[in-house]
Every structure is written in C-alpha cells, then in structure tokens.
Amino acid sequence: MTDGIAQKTCTPCRGGVAPLTQEAAEGYLSQTPGWELEEGRLLRRKFKFADFRQSLSFVDKVARLAEEERHHPDICFGWGYAAVSLQTHKIKGLHENDFIMAAKINLIAGS
C-alpha cells in the first residue's frame with residue numbers, strides 16, 4: 001500500500017547522510033509497487049500509455065509534483081511510454097525522499 005509513504009513530504013537533502021542500506025531500501029520498496037531497485041542505489045519504473053499525448057500528460061504531472069516536493073526524478077519519455085528513475089544525487093544513493101516520490105508518482109499513474 002502506498003498511502004502511508006505517499007502522505008509524507010520530501011525533506012531537503014543537504015548531503016552528509018549515508019544512503020539507505022540495501023535492506024532498508026527493500027523495506028521501502030514494498031510500499032512502492034511496480035518500482036525496481038537497481039544495485040540498491042537507484043529506483044526505476046517504466047510506465048506505458050496509449051500514445052504520445054498521454055505520455056506527455058503524465059510527465060507534466062510528475063514534473064509539477066517534483067517542483068512541489070523539490071525532489072526531481074530523471075525522466076525519459078516517448079510515444080506510449082515514460083521511464084522514471086529516482087536517486088538522491090547528493091548522497092549517491094537512495095533516501096526516503098526517493099520512495100516518497102515513487103509512491104506519489106504511483107498515485108498519479110493510478111497504480
């Protein structure tokens with residue numbers, strides 16, 4: 001269920017903190033269905049859409065969310081798809097913020 005973590009707000013990461021351990025990241029992963037953990041340092045999910053317009057609309061909603069939360073994913077999109085990856089660059093790994101964003105992006109996607 002994503003409701004719990006999706007209710008949180010991202011907090012600015014100023015660096016100087018350790019990234020989440022693999023075990024901690026896996027615990028958060030259970031709250032973000034559809035996302036994959038890569039080497040314990042990156043979250044990634046690919047979304048599929050009927051056409052380019054739907055992909056663009058989704059990316060626009062994610063961009064608005066990113067600005068509100070002040071936590072920005074990497075996004076690649078095209079006709080019928082959008083691929084989103086999350087990582088806290090200042091700590092070169094994952095932070096709770098990445099999972100908060102993943103849960104909120106799932107709500108935008110309806111999954």
Side-chain angles (χ1 to χ4, degrees):
M1 172 177 263
T2 61
D3 290 342
I5 197 164
Q7 298 303 314
K8 293 185 174 188
T9 300
C10 292
T11 57
C13 180
R14 293 174 175 42
V17 297
L20 293 173
T21 64
Q22 177 79 25
E23 183 178 12
E26 287 173 1
Y28 279 111
L29 193 61
S30 67
Q31 299 178 64
T32 53
W35 290 83
E36 295 178 2
L37 190 60
E38 293 186 10
E39 300 177 16
R41 299 181 54 178
L42 181 76
L43 273 177
R44 188 180 313 268
R45 182 169 179 193
K46 188 169 184 180
F47 298 88
K48 295 187 182 221
F49 302 97
D51 56 30
F52 187 82
R53 185 183 310 260
Q54 288 181 4
S55 298
L56 180 59
S57 175
F58 172 76
V59 167
D60 183 57
K61 290 174 187 173
V62 172
R64 290 173 194 264
L65 170 65
E67 287 299 306
E68 289 171 12
E69 294 289 329
R70 297 183 309 165
H71 193 73
H72 302 91
D74 292 321
I75 303 172
C76 177
F77 76 102
W79 192 92
Y81 77 94
V84 181
S85 61
L86 292 157
Q87 177 187 49
T88 301
H89 296 283
K90 284 187 179 180
I91 61 172
K92 296 183 175 111
L94 293 169
H95 185 275
E96 182 184 45
N97 289 339
D98 299 303
F99 292 93
I100 292 169
M101 285 296 294
K104 289 182 179 201
I105 292 168
N106 278 356
L107 293 175
I108 290 171
S111 60

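All of these numbers come straight from a predicted model, not from anything done at the bench. Residue numbers run from 1 in the order of the sequence given. Keep in mind that the numbers below use all heavy atoms, side chains included, and drop hydrogens, waters and symmetry copies.
- Side-chain contact between His95 and Lys90: absent, with no pair of heavy atoms (C-beta onward) separated by less than 4.5 Å.
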Legend entry - Pair Ile105-Phe47, side chain to side chain contact (heavy atoms under 4.5 Å, CB included): steps then yes or no: CA-CA 10 Å; Ile105 292 168; Phe47 298 88; 3.7 Å; yes

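- Heavy-atom contacts from other residues, nucleotides or ligands closer than 6.0 Å to CD of Glu36 number 12 or fewer.
- Of all the heavy atoms in Ser55 and Gly78, the pair that sits closest is OG-O, 3.1 Å.
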Legend entry - Criterion side chain to side chain contact (heavy atoms under 4.5 Å, CB included) on Leu37 and Gln22, from CA distance to verdict: CA-CA 9 Å; Leu37 190 60; Gln22 177 79 25; 3.6 Å; yes

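- If you chain together hydrophobic residues whose side chains sit under 4.5 Å apart, Tyr81 and Trp79 never meet in one group.
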Inset, instruction - Please step through side chain to side chain contact (heavy atoms under 4.5 Å, CB included) for the pair Gln31 and Phe99, ending with a clear verdict. - result: CA-CA 8 Å; Gln31 299 178 64; Phe99 292 93; over 6 Å; no

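- Expressed to the nearest 0.5 Å, how far OG1 of Thr9 lies from CD of Glu68 amounts to 10.0 Å.
- Tyr28 and Leu65 fall within the same hydrophobic cluster, defined by Ile, Leu, Val, Met, Phe, Trp and Tyr side-chain heavy atoms under 4.5 Å apart, directly or through other members.
- A 4.5 Å side-chain heavy-atom check between Leu86 and Pro73 finds at least one atom pair inside the cut-off.
- Residues Leu42 and Gln87 have side chains in contact (heavy-atom distance under 4.5 Å, counting atoms from C-beta outward).
- Both Ile108 and Phe52 are assigned to one and the same hydrophobic cluster, defined by single-linkage of ILVMFWY side chains at heavy-atom distances under 4.5 Å.
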Legend entry - Full working for side chain to side chain contact (heavy atoms under 4.5 Å, CB included) between His71 and Thr88: CA-CA 8 Å; His71 193 73; Thr88 301; 3.5 Å; yes

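- Side chain to side chain, Thr32 and Asn106 fail the donor-acceptor criterion of an N or O pair below 3.5 Å.
- Residues Leu107 and Ala6 approach most closely at CD1-CB, 3.5 Å, considering heavy atoms.
- Between Ser85 and Arg44 the shortest heavy-atom distance is CB-NH1, 4.0 Å.
- Met101 is connected to Val59 through a chain of hydrophobic side-chain contacts under 4.5 Å among Ile, Leu, Val, Met, Phe, Trp and Tyr, so both are in one cluster.
- Ring geometry for Phe58 against Phe49 counts as tilted: the plane angle lies between 30° and 60°, on a 0 to 90° scale.
- Here the closest non-hydrogen pair linking Ala25 and Leu94 is CB-CD1, 4.2 Å.
- At distances below 3.5 Å, at least one donor-acceptor pair connects side-chain atoms of Asn97 with backbone N or O atoms of Thr11.
- To the nearest 0.5 angstrom, Trp35 atom CH2 is 10.5 Å from Leu29 atom CG.
- Between the side chain of Lys92 and the backbone N or O of Arg41 there is no donor-acceptor pair closer than 3.5 Å.
- No chain of hydrophobic side-chain contacts below 4.5 Å, direct or via other Ile, Leu, Val, Met, Phe, Trp or Tyr residues, connects Val17 to Leu43.
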